[in-house]
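Read through the structure below, which is laid out as structure tokens, and then see the notes.
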Amino acid sequence: LIGGAIQVASYDFARVEPKWQERWEQDRTFYVGEDSDKPKFYNVCMYPYPSGDLHMGHVRNYTYGDLLTRYKRMRGFNVLSPMGWDSFGLPAENAAIDTGIHPRIHTEDRIARMKSQIRRLGSVYDWDREVAAHTPEYYHWTQWLFLELWERGLAYKREAPVNWCPRDQTVLANEQVVEGACERCGTPVEKRDLRQWFFKITDYADRLLEDLAGLDAWPERVRVMQENWIGRSEGCTFAMEVAGSGQRFEVFTTRPDTVFGMTFVVFAPEHPLVEELIAGSEHEKEARRYIQVARLATELERLSTEKDKTGVFTGRYAINPVDGREVPIYLADYVLMGYGTGAIMAVPGQDQRDWEFAERYGLDIIRTVQPPDDFTGQAYLGDGPAINSGFLDGLTLEDAKRRIIDWFEEQGIGRATVQFRLRDWLISRQRYWGCPIPMLTCPTCGLIPVPKEDLPVLLPDIEDYTPKGLSPLASVEEFVNTRCPRCGGPAQRETDTMDTFVDSSWYFLRYTDPADPELPFDPERANYWMPLDQYIGGIEHAVLHLMYARFFTKVLHDMGMVTVDEPFARLFTQGMITLGHAKMSKSKGNVVSPDAFFASHGADALRLYHLFIGPPADGAVWSDQGVDGTARFLDRVWRMGTGQGGETVERPELGADREVLAAAHRTLRKVTDDIERFAFNTAVAALMELSNTLGAYLRSEEGARTETFAAAFELLLLMLAPMAPHLAHELWERTGHESMLADQPWPEWDPELAAERVVTMVIQVNGKVRDRIEVDAAITAEAAEELALASEKLQGWIDGGTVRKVIARPPNLVNVVVG
RNA sequence: GCCGGGAUGGCGGAAUGGUAGACGCGGCGGACUCAAAAUCCGUUGCCCGCAAGGGCGUGUGGGUUCGAGUCCCACUCCCGGUACCA
């Protein structure tokens, strides 16, 4: 950046960093096998979508991951840290629509760019295990896994109302709809009925929920988010009858105890019984109009809480099974077809939504739980004795629930049931750049899987990527038309591709056996590495990827392919880097590129700043000057390590120097602690302090003793090795070490040296600091008290009062209570 | 609304119930230099004071404690997630 003579004195990262990046690669320092005596440590950063440019979020992620790889290796672990590419997906296809460049060319070009940036960061991986979702060698096994799910009844195709993004011309999973809009492009999502492929993740709902409890090394918030997403509620399903017609339908409720308070029934407008219900009713016209309007409403409008509840009377009545009373049946879109049975018993006295609806349409409200005297709200949701409830009167909420469910069972009309909010995972995408679904439709045999020996079903090259509501594959006749493997007749291939979250649900298993030609992975090799000892990534994957990957792992466990049934033992979710509290994004044009910093400050300074910026779990505000600061620190270390920070002197005796060595060992203790608890910011701060101490030592009047300085500086380099690896390795070599720094064991601190000998003791009067004195760290309470009371400064503060109490907390503090 | 997290100097942040503001950024003053950059030294929460020193101070109001940024209660605001889930 700046030329001139001075530049020679500072850390020449432009020369040093590439040198070590090559060395690590040539020496295969971070390539590993399964034949080690050391304990294993499987460390993964979430594999990226190859967008082509490393952004600060990646840098933060890989800096943490790389620190851990290097640190754990020094701690004696057989560390596997692989990297790969989530390389199917929409951006490459959208680019192809614009430019005509094949998504594969586009993607592979970007992978190459990103890979070189990752190398430039000094982040090290076992590249022999690199995987990319878009390669036939990988998606062969994604298809194989699909067929396994199919064989187990966990993959199925059905017509369903789905979320349709009109801009991307594709279906979205529920998880990809954010506030009624497409997660990717923000376009409001529409409802469409399409035949789609689903994975039956709901079969695993209970296990996905229960096993969260065992994930105690996961962030609490991620567990809570998954718990809410799965959304288990216990309740009861019971049957009711339509008066006159004898038609039966079921309702689900979590409050069966309030059944005597039912004053109406509501059906979702899409409920399959609605047609029959309204046919011939005097309210038929009105009802049809309402259904029409409800269907057209976008998800966004329907979800709006601002909207008043609307509905329409069907003209029919349902019979309450507990007392034979007839209650009106309404249609209303506040009841959702996708949850429960799509029909509810409405109890306005105990449900606020029902209350609002009842008020609007002038329906009765009956309280069945006695609210407390001071209750001023509308619907009462709390506990209390049951009232107006026949044989339930007087019972508490829980007792009444149990009693009424028993009664339903005795009558044979209902039972206790559990409902989940979680829906099956819709995996069909009407797009080109994804993993083809290995299924055929035969006019005689129906849905037929592609035989495993015919895999992979290759993605054909095409010319026209424009979405037309069907996958672009649908217009490739050579692809579509094939033979049925069962009857030999003509058959047609499935033309949808899979959601890219399918690809990413198992890549961490492929890493363990990346080139296996027979299986997605060898169970033995997978069992050696699984589970991941550390998984690091963004919080945005809290429910999507992390839950799908858990689901796949459980299925593979049930297949006997892998022993564990949870993939990620420890999860760390990093906070987001923002610029002045605004999210960095291309569209806002406020992206700070790491590339510029590789050139101006070097990778080590950038890494160190990411470590130093704040607690890793928190968001952080980017500051260019912050990188100046860590670069300055590295320069100071560099000058000290290359003899430019001051001369050392030969001196036999170790005197006050002992304190310098002690400081180094205390730093080592703190840095080790801090790394273990992911407090990288304070670990860096501690290294800065040590470097300040060493600088002062070199400049001190009596001079730094050669041997002592060397010992302390060596510790500094060892601690810097995982954080600023290039500079640390270079200085290690320059200070005369033969072996590579990365191969050194992490040092142990000397407890005797690290122990404090003299500390500052604070003397307080009534909790306010009035004096400070130096005392022996081993001082007794009695001696501390005596010293404190003897303090001259204290006398003025005690004057006029009597000492009521003395609290001594040696060696840090004595508090004299004066009254 | 519900769930989770948070609020500390000009800024990022530090602090097992025990010296609030470590470390860094920025600022100010100085050394070096013809000058600048770089580097080094000093200083930097606010208020009063020439100083010695003193007072105040961790979103607000209470409480527990010899002692509270930290624990408890009530509230305000900010961030994230989620939302007619019966």
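Note on naming: letters A, B, ... go to the chains in the order of the sequence lines (proteins, then strands), and numbering restarts at 1 for each one. Everything quoted here is computed from the prediction, not taken from an experiment. Because only heavy atoms are used, hydrogens play no part in the values below, and waters and symmetry mates are left out as well, while side chains stay in.
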At a heavy-atom distance below 4.0 Å, what parts of residues 765-781 of chain A sit against RNA chain B? A:K768, A:V769, A:R770, A:R772

Could you let me know what B:U70 is paired to, Watson-Crick or G-U wobble, both distances under 3.5 Å, or none if it's on its own? none

Check the angle between the aromatic planes of A:F572 and A:F678 and answer parallel, tilted or perpendicular using the 30° and 60° thresholds. tilted

Under 4.0 Å, counting only non-hydrogen atoms across every strand here, what does A:R804 touch: a base, just sugar-phosphate, or nothing? nothing

Spacing of the P atoms in B:G57 and B:G69 (rounded, Å): 10 Å

Spacing of A:M688 atom CE relative to B:A14 atom C1', expressed in whole Å: 13 Å

Looking only at side-chain N and O atoms, does A:N692 come under 4.0 Å of OP1 or OP2 in B:A22? no

Examine B:A38: is either OP1 or OP2 under 4.0 Å from a nitrogen or oxygen in the side chain of A:S10? Give yes or no. no

Parallel, tilted or perpendicular: rings of A:F375 and A:Y380 (30°, 60°): perpendicular

Could you tell me if A:T667 and A:E689 have a donor-acceptor pair between their side chains, going purely by distance under 3.5 Å? no

Contacts of A:R809 meeting salt bridge (Lys or Arg N to Asp or Glu O under 4.0 Å) (sequence neighbours excluded), chain-then-number -> none

Please give the distance between the P atoms of B:C23 and B:A15 as a whole number of Å. 13 Å

For a quick check of understanding: with a heavy-atom distance under 4.0 Å over all strands, which category does A:G231 fall into, base, sugar-phosphate or nothing? nothing

Which glycosidic conformation, syn or anti, is assigned to B:G63 if syn requires a torsion within 90° of zero? anti

Going by salt bridge (Lys or Arg N to Asp or Glu O under 4.0 Å), name the pairs with one or both residues in residues 665-682 of chain A, residues two or more places apart or in two chains. A:K72-A:E676, A:R75-A:E676, A:E659-A:R666, A:R666-A:E756, A:K670-A:D674, A:D674-A:R677

Could you go through nucleotides 27-30 of chain B and list every protein N or O atom that sits under 3.5 Å from one of its N or O atoms, giving the distance for each pair?
none

Under 4.0 Å between any heavy atoms, over every strand shown, what does A:E356 touch: base, sugar-phosphate, or nothing? Just pick one. nothing

Identified pairing partner of B:A86, criterion: Watson-Crick or G-U wobble below 3.5 Å: none

Check the angle between the aromatic planes of A:Y330 and A:Y361 and answer parallel, tilted or perpendicular using the 30° and 60° thresholds. tilted

If the plane angle is over 60° it's perpendicular, under 30° parallel, otherwise tilted; pick one for A:F680 and A:Y64. tilted

Base partner of B:G29, which must satisfy Watson-Crick or wobble distances under 3.5 Å: B:C41

Hey, is the main chain of A:A631 close enough, under 3.5 Å, to the side chain of A:Y11 for a donor-acceptor pair? no

For B:A52, the Watson-Crick or wobble counterpart (both distances under 3.5 Å): none

Between atom CH2 in A:W229 and atom C1' in B:C3, what is the gap in whole Å? 14 Å

Separation of A:R232 atom CZ from B:C3 atom C1', in whole Å? 19 Å

I need the CD-P distance between A:E359 and B:C84, as an integer number of Å. 21 Å

Any strand counts, and the cut-off is 3.5 Å on both contacts for Watson-Crick or G-U wobble. Which nucleotide pairs with B:U16? none

Sub-3.5 Å pairs of nitrogen or oxygen atoms, protein against nucleotides 70-73 of chain B:
none

Only pairs with both distances under 3.5 Å count, Watson-Crick or wobble alike; so what is the partner of B:A35 in this structure? none

How long is the line joining CH2 of A:W797 and P of B:G53, in whole Å? 12 Å

Quick one: OG1 on A:T63 to CG on A:L67, what's the gap to the nearest 0.5 Å? 8.5 Å

Salt bridge (Lys or Arg N to Asp or Glu O under 4.0 Å) against A:R772, all qualifying residues, sequence neighbours excluded: none

Separation of the P atoms in B:U43 and B:G53, to the nearest angstrom: 16 Å

Within the pair A:R421 and B:A83, is there a side-chain N or O less than 4.0 Å away from OP1 or OP2? yes

B:G12 and B:G63: how far apart are their C1' atoms, nearest whole angstrom? 33 Å

Between the protein and nucleotides 61-65 of chain B, list the N/O to N/O atom pairs that are separated by less than 3.5 angstrom.
none

Whether A:R699 contacts B:C41 is assessed here as follows: a side-chain N or O lying under 4.0 Å from the phosphate OP1 or OP2. Is that the case? yes

Could you measure between the two C1' atoms, the one in B:A22 and the one in B:U76, and give it in whole Å? 30 Å

Short of 4.0 Å, heavy atom to strand atom, which residues of residues 806-815 of chain A count as contacting RNA chain B? A:I807, A:R809, A:L813, A:N815

State which residues pass salt bridge (Lys or Arg N to Asp or Glu O under 4.0 Å) with A:E647; sequence neighbours excluded, sorted by chain then number. none

For residues 253-263 of chain A, which residue pairs qualify under salt bridge (Lys or Arg N to Asp or Glu O under 4.0 Å), counting only residues two or more places apart or in two chains? A:R255-A:D257

In whole angstrom, give the distance that lies between atom CE of A:M576 and atom C1' of B:C79. 10 Å

State the pairing partner of B:G9; accept Watson-Crick or G-U wobble contacts with both distances under 3.5 Å, and report none otherwise. none

Results of salt bridge (Lys or Arg N to Asp or Glu O under 4.0 Å) for A:D351 - residues two or more places apart only: A:R353

Rounded to whole Å, the CD1-P distance (A:I613 to B:G13) equals 8 Å

Whole-Å C1' distance, B:U39 and B:C32: 9 Å

Is it the case that atom CD in A:Q378 sees more than 12 heavy atoms from other parts of the structure closer than 6.0 Å? yes

Distance only, no hydrogens: is a donor on one side chain within 3.5 Å (strictly under) of an acceptor on the other, for A:E234 and A:T254? no

Options B:G12, B:A14, B:C3, nucleotide nearest the side-chain atoms of A:N228: B:C3

All pairs passing salt bridge (Lys or Arg N to Asp or Glu O under 4.0 Å) where residues 611-624 of chain A contributes a residue, at least two apart: none

